[in-house]
Number of protein chains: 2
Amino acid sequence: MARNKRDIDRQLKRDTIEDVACGLFMAQGYEATSMAGVAAAAGVAPNTLYWYFANKDELLIAVLDRMVGRVFEALAGMQHKPLSARLLWLLKAFDQASGLVTTVHARVEQSDAVRDWHERFHRALDALLVEQLTAQGMDAQQAATMATVGTYVMEGLMSHPHSARERETVVRWLTSLGLPA
Amino acid sequence: MARNKRDIDRQLKRDTIEDVACGLFMAQGYEATSMAGVAAAAGVAPNTLYWYFANKDELLIAVLDRMVGRVFEALAGMQHKPLSARLLWLLKAFDQASGLVTTVHARVEQSDAVRDWHERFHRALDALLVEQLTAQGMDAQQAATMATVGTYVMEGLMSHPHSARERETVVRWLTSLGLPA
DNA sequence: ACCTGAACACCGTTCAAGT
DNA sequence: ACCTGAACACCGTTCAAGT
C-alpha cells in the first residue's frame, strides 16, 4: 500500500497512464496502439512508460486487472437480478472492450505474463460459476461442464457481432439449461 | 484455372510458399513469424513474397483457405460417424493450429480482408450446422441457437488447453442436447 | 527516484533496377 | 513476368545522461 506522498504520487501517475492506455486500447485495439501513442496521450516521453511498466504486456495486464475488478464489483451489486440479466449486462459492458478478449488470447502465445494472467482469470471465473451453480443444487460434475460451456458461449458472444435479439435468445437458452425441463 | 506452363509454375511456387508459411504459422504463431522468415524458409528474397501475395494478411488467408478446405473434405468422408466423433476429430486436427483461431479474431480488427474471410467462414459454417440440425428434425429457431452455441463452444475448446477427458465430456454434453431427454 | 533524447534491432512493405 | 538489394517508416525497448 501507499505509505507516503512519493508512493501516492507514483500510484497516481500509474493510474493516469492506465487510464490513457485503457482508452486507446479500447478505441484502436492493443496492437494498433503504440507505446509512443500512449506516452504522447499521457504527456510523457515514450521511454518514461518503462519506469512504470516492465513492457507493453504488463501495461495490458494492468488495464485488464482494473477492468475485471470494476466489472466484478458491479456484478456483485447485482446478485438479486436473474442470471440472464447479469449476463446480458456483462455483454453490454464489454461492447466497447470486446477486442481485449481476443487480444488476451493472442498475447497468451507470446507472453508468459499474459498466459499466467489468462490462466488465473479462467480459474477464478470457473470457481465462481461452479460455486453459483452448485449453490442452485446442480451436482459438481454437471456444474463443471456448464461453467466451461457458459464461459465459451459468453466469450463467443463477446468476440462476434450479434444483434441484441440474438444475444437474448442465446443467453436465455443458456440460463434455462439448469432449470427443470 | 491454370491454362499454360507459366500459370502452373506460378501456382506451384505459390503452393510452396503457402506450405512453408503454414508450417511456420503453426509452429511459432502468425505474429511471431516474420515475412523475412517465411521468405528465408522458402529460399527467396523477402520482397519476392509480395509478387505472390498482396501482404501478410493475404498470405494468412491463403493458408486458412487451404486448411479449411482440407478439414471440410476430411469431414465429408466421415458423415457415417456420429457427430460427437466428428467434433472430437476436429478438435484433434486443430491441436497444432489452435493459435490460428485466435489469430483470425485478432486480425479481424486490423484487416478488412481477414474480416471478410471471417464473416464468410462463420456464415458458411452456420449454414452447414443449421442444415444438419434441421435435417435431424430440429425446428429452425432452435437450430439457429444451437449452431451459434456449438460454434462458440468448439472455438473455446480449440483456443484453451483441455485434457482429452474434459473435451469428451463437453462434446458429449453438446451433442446430446438435440436428443430427446 | 524519475525522466529524457538518442539509439538499437526488428518489422512489413516499397522502389528502382535487373533478367 | 519475375526476382532482388537497398531503402523507408514504424515498432518495442534500452542506454547514457540529466535532475
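Note that the coordinates shown come from a computational prediction; the quantities given were computed from them, not determined experimentally. Every chain is numbered from 1, with letters handed out A, B, ... down the list of sequences.
The list of salt bridge (charged side-chain N to carboxylate O under 4.0 Å, His left out) pairs with a residue in residues 142-152 of chain B, not counting sequence neighbours, is empty. The salt bridge (charged side-chain N to carboxylate O under 4.0 Å, His left out) contacts involving residues 16-39 of chain A comprise A/R14-A/E18, A/E18-A/R66, A/D19-A/R66, A/E31-B/R107, where partners must be two or more places apart or lie in separate chains. Screening residues 91-100 of chain A for side chain to side chain donor-acceptor pair (under 3.5 Å), with sequence neighbours left out, gives A/D95-A/R167.
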Contact pattern, 5' to 3', of nucleotides 13-19 of chain C - B, S or - by protein heavy atom under 4.0 Å: BBB----
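Atom pair B/Q110:CD and D/dC10:C1' shows a separation of 15 Å (rounding to whole Å applied). The interatomic distance linking B/I8 (CD1) with D/dA1 (P) rounds to 18 Å, in whole Å. Spacing between atom CD1 of B/I17 and atom C1' of D/dC3 amounts to 11 Å, rounded to whole angstrom units. Put simply, CD on B/Q11 is 17 Å from P on D/dA1, counting in whole angstrom units. Computed from coordinates, the A/L12 CG to C/dC2 P distance equals 13 Å when rounded to whole Å. Between the CZ atom of B/F53 and the P atom of C/dG12 there is a distance of 15 Å, given to the nearest Å. Between the C1' atom of C/dG12 and the CD atom of A/E31 lies a distance of 12 Å, rounded to the nearest Å. Atoms CD (A/Q28) and C1' (D/dC10) sit 15 Å apart, rounded to a whole Å.
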Test side chain to side chain donor-acceptor pair (under 3.5 Å) applied to A/Y30 and A/D57, step by step: CA-CA 10 Å; A/Y30 175 76; A/D57 286 308; 3.0 Å; yes
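Here D/dT4 is the nucleotide among C/dC3, D/dT4, C/dT4 with the atom lying nearest to any side-chain atom of B/T48. The side chain of A/A45 has C/dT4 as its nearest neighbour among C/dC2, C/dT4, D/dT4. Taking the side chain of A/S34 as heavy atoms from C-beta on, and the options C/dT4, D/dC11, C/dC3, the nearest nucleotide is D/dC11.
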Table please: side-chain donor-acceptor pairs of residues 81-91 of chain B below 3.5 Å, with sequence neighbours left out.
from	atom 1	to	atom 2	distance (Å)
B/R86	NE	B/K81	O	3.2
B/R86	NH1	B/Q79	OE1	3.1

Under 3.5 Å, which donor-acceptor pairs do the side chains of residues 144-152 of chain B form with other protein atoms, sequence neighbours left out?
from	atom 1	to	atom 2	distance (Å)
B/T145	OG1	B/Q141	O	3.4
B/T148	OG1	B/A144	O	3.1
B/T151	OG1	B/A147	O	2.8
B/Y152	OH	A/H162	NE2	2.5

Using atom types as modelled, flag every donor-acceptor pair under 3.5 Å from a side chain in residues 119-127 of chain A to any protein atom, sequence neighbours excluded.
from	atom 1	to	atom 2	distance (Å)
A/H122	NE2	A/H118	NE2	3.2
A/H122	NE2	A/E155	OE2	3.2
A/H122	NE2	B/H160	NE2	3.0

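Where DNA chain C pairs in unbroken runs of 3 or more (Watson-Crick or G-U, both distances under 3.5 Å), the stems are C:4-8 with D:12-16, C:12-16 with D:4-8.
Look at B/R10 and you won't find any side-chain N or O under 4.0 angstrom from OP1 or OP2 of D/dA1. The side chain of A/K13 places an N or O atom within less than 4.0 Å of a non-bridging phosphate oxygen (OP1 or OP2) of C/dC3. Contact check, B/W51 against D/dC2: a side-chain N or O comes under 4.0 Å of OP1 or OP2.
Looking only at distances, no side-chain donor or acceptor of B/S111 sits under 3.5 Å from a matching main-chain atom of B/V108.
Applying the side-chain hydrogen bond (donor to acceptor under 3.5 Å, both in side chains) criterion to A/D139, with sequence neighbours excluded, gives no partner residue.
Here B/Y52 lies in heavy-atom contact (under 4.0 Å) with sugar-phosphate atoms only.
When all heavy atoms of B/L59 and B/V38 are compared, the closest pair comes out as CD2-CG1, 4.3 Å.
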